[in-house]
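Presented below is the structure to which this report refers.
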Amino acid sequence: MIDPKWKEKGFIDEPIPNDIDLPAAIRRLCKEKNAVIMAHYYTDGSVQDVADFVGDSLALAQKAALTDADIIVMCGVHFMGETNKILCPDKKVLVPDLNASCSLAESCPADEFEAFVHNHPGYTVISYVNTTAAVKALTDVVVTSSNAKQIVDSFPKDTPIIFGPDENLGNYINGLTGRNMVLWHGACHVHEKFSVERILKVKAQHPHAKILAHPECKGPILKLADKVGSTAALIKYCIQDDATEFIVATESGILHEMQKSAPQKTFIPAPPDDATCACNECNFMKLINLKKLYNTLKYEWPAIEVDPATSKKAVRSIDKMLAISKQLGL
């Protein structure tokens with residue numbers, strides 16, 4: 001039975017004996033319940049290590065859709081659970097803490113975005129996948145940070161486009177494509193806070209280090225970067241590049257996978273503008289921990305639900321992206 005107090009909290013905080021081997025217990029529950037664990041690169045390393053799949057949000061949802069699991073546990077933020085549910089409507093989708101929201105998704109309330117779209121009749125709506133199901137339902141095609149340029153380029157040059165919700169990513173794509181897309185003014189609180197001055201100080205201490213940046217960062221940060229790319233692209237780059245040191249301007253959780261993939265190399269988190277912090281962390285992603293993961297598997301709660309009508313509309317924008325990507329050979 002789910003304690004009403006847990007419902008108020010949005011997660012289960014039942015005490016767990018100190019002597020329990022949580023990773024082993026979690027894997028045992030997965031086997032018993034035919035469950036798979038999806039973990040985003042930004043979650044804590046201990047969560048990534050116990051997961052079946054680690055990746056970015058859309059890749060995880062696509063992997064979930066291909067499994068024969070009855071239960072999907074999405075270790076990430078709320079909209080990622082929604083995306084899993086949209087693509088896997090017949091599966092039970094769990095998120096260990098309903099408080100794991102997303103500053104970028106929250107920066108684009110669906111009702112305000114709908115009014116914005118209505119004020120631009122005739123515009124094609126392209127939305128970053130890091131949005132709620134309700135915003136995806138208002139969207140013609142979603143994009144990821146890795147395919148946004150190619151998908152935008154697939155539309156004729158004279159196509160009027162709304163791009164949301166990430167203004168930094170939209171500005172970056174405008175610069176790459178020569179477009180003048182109308183941008184929604186949203187942003188990720190993690191990527192907004194990187195400091196050019198503090199990154200340059202780190203670079204002075206590590207002159208041979210290459211700077212890696214996610215396109216959700218502000219323009220001045222991207223201009224410093226040797227490589228701009230999605231989480232998966234940055235990981236691939238650091239593995240293949242000859243450099244042995246990297247300054248990484250994205251959420252610091254990615255360093256766990258980078259270090260596992262290239263243990264002989266050094267990864268330095270790019271510092272934020274707050275002089276008291278050495279790295280940028282997403283406080284929402286870090287809400288997910290092994291204790292909550294164990295309890296959510298044990299009780300099969302909290303479960304994500306998406307209104308069927310919303311889901312039907314939202315999945316069209318994802319299917320459109322997949323169709324264009326296939327056509328482009330991405």
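Because the structure is a prediction, the values reported are computed rather than measured.
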Parallel under 30°, tilted from 30 to 60°, perpendicular over 60°: which one fits the rings of H191 and Y42?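 Rings of H191 and Y42: tilted, 30 to 60°.
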Side chain to side chain, [X] and [Y], heavy atoms closer than 4.5 Å:
| X | Y | answer |
| --- | --- | --- |
| C238 | L212 | yes |
| M38 | C75 | no |
| T250 | V248 | yes |
| P160 | V182 | no |
| C217 | N168 | no |

Using a distance-only test with no angle check, is there a side-chain donor-acceptor pair under 3.5 angstrom linking [X] and [Y]?
| X | Y | answer |
| --- | --- | --- |
| N283 | H189 | yes |
| Y128 | E216 | yes |
| T144 | N147 | yes |
| H208 | E245 | no |

Rounded to the nearest 0.5 Å, what's the gap from NZ on K149 to CZ on R179? Could you check?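 Rounded to the nearest 0.5 Å, the NZ-CZ separation comes out at 9.5 Å.
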To the nearest 0.5 Å, what is the distance between CG on D49 and CG on L290?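 It is 9.0 Å, given to the nearest 0.5 Å.
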Could you pull out the closest heavy-atom pair between [X] and [Y], with the gap in Å?
| X | Y | answer |
| --- | --- | --- |
| G170 | L183 | CA-CD2, 3.8 Å |
| D52 | A35 | OD2-O, 4.2 Å |
| S103 | F284 | N-CE1, 3.8 Å |
| S101 | E106 | OG-OE2, 2.5 Å |
| P220 | V196 | CB-CG2, 3.8 Å |
| Q48 | T43 | NE2-O, 2.8 Å |

Under 3.5 Å: donor-acceptor pair, side chain of [X], backbone of [Y]:
| X | Y | value |
| --- | --- | --- |
| S195 | P272 | no |
| N84 | M80 | yes |
| K91 | T67 | yes |
| E167 | G186 | no |
| K136 | V129 | yes |
| S261 | E257 | yes |
| N174 | M181 | yes |
| W184 | S107 | yes |

Donor-acceptor pairs under 3.5 Å, side chain of residues 221-233 to any protein atom, not counting sequence neighbours: which ones?
unit_1: D226; atom_1: OD2; unit_2: I211; atom_2: N; d: 2.7
unit_1: S230; atom_1: OG; unit_2: A233; atom_2: N; d: 3.2

Going through the distances and angles, do F246 and I268 end up as a side chain to side chain contact (heavy atoms under 4.5 Å, CB included)? CA-CA 6 Å; F246 299 88; I268 306 159; over 6 Å; no
Is it true that [X] and [Y] have a side-chain N and a carboxylate O under 4.0 angstrom from each other?
| X | Y | result |
| --- | --- | --- |
| D97 | K286 | no |
| D241 | K210 | yes |
| K33 | E300 | yes |
| E14 | K298 | yes |
| D13 | K9 | yes |

Pick from D21, I37, L22: which one makes a side chain to side chain contact (heavy atoms under 4.5 Å, CB included) with R27?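 It is I37, the one option of D21, I37, L22 that forms the side chain to side chain contact (heavy atoms under 4.5 Å, CB included) with R27.
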Under 3.5 Å, sequence neighbours excluded: what are the donor-acceptor pairs made by side chains of residues 109-125?
unit_1: N119; atom_1: ND2; unit_2: A115; atom_2: O; d: 3.3
unit_1: H120; atom_1: ND1; unit_2: F116; atom_2: O; d: 2.8

Does the ring of F11 carry K292 above it, NZ/CZ under 6.0 angstrom from centre and within 45° of its axis?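 Yes.
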According to side chain to side chain donor-acceptor pair (under 3.5 Å), does anything in residues 310-320 pair up with another residue at least two apart or in another chain? List the pairs.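 Pairs touching residues 310-320 that pass the test: D307-T310.
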Going through the checks in order, is the side chain to side chain contact (heavy atoms under 4.5 Å, CB included) test met by V190 and E281? CA-CA 7 Å; V190 171; E281 290 191 345; over 6 Å; no
For S127, the option from T132, D140, T139 that meets side chain to side chain donor-acceptor pair (under 3.5 Å):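 When T132, D140, T139 are each tested with S127, the side chain to side chain donor-acceptor pair (under 3.5 Å) holds only for T139.
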So for atom NZ, which belongs to K7, do other residues, nucleotides or ligands contribute more than 12 heavy atoms lying within a distance under 6.0 Å?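 Count not over threshold, so no.
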Co-membership, hydrophobic cluster, residues L169 and F155, 4.5 Å side-chain: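 Linked, L169 and F155 end up in one cluster.
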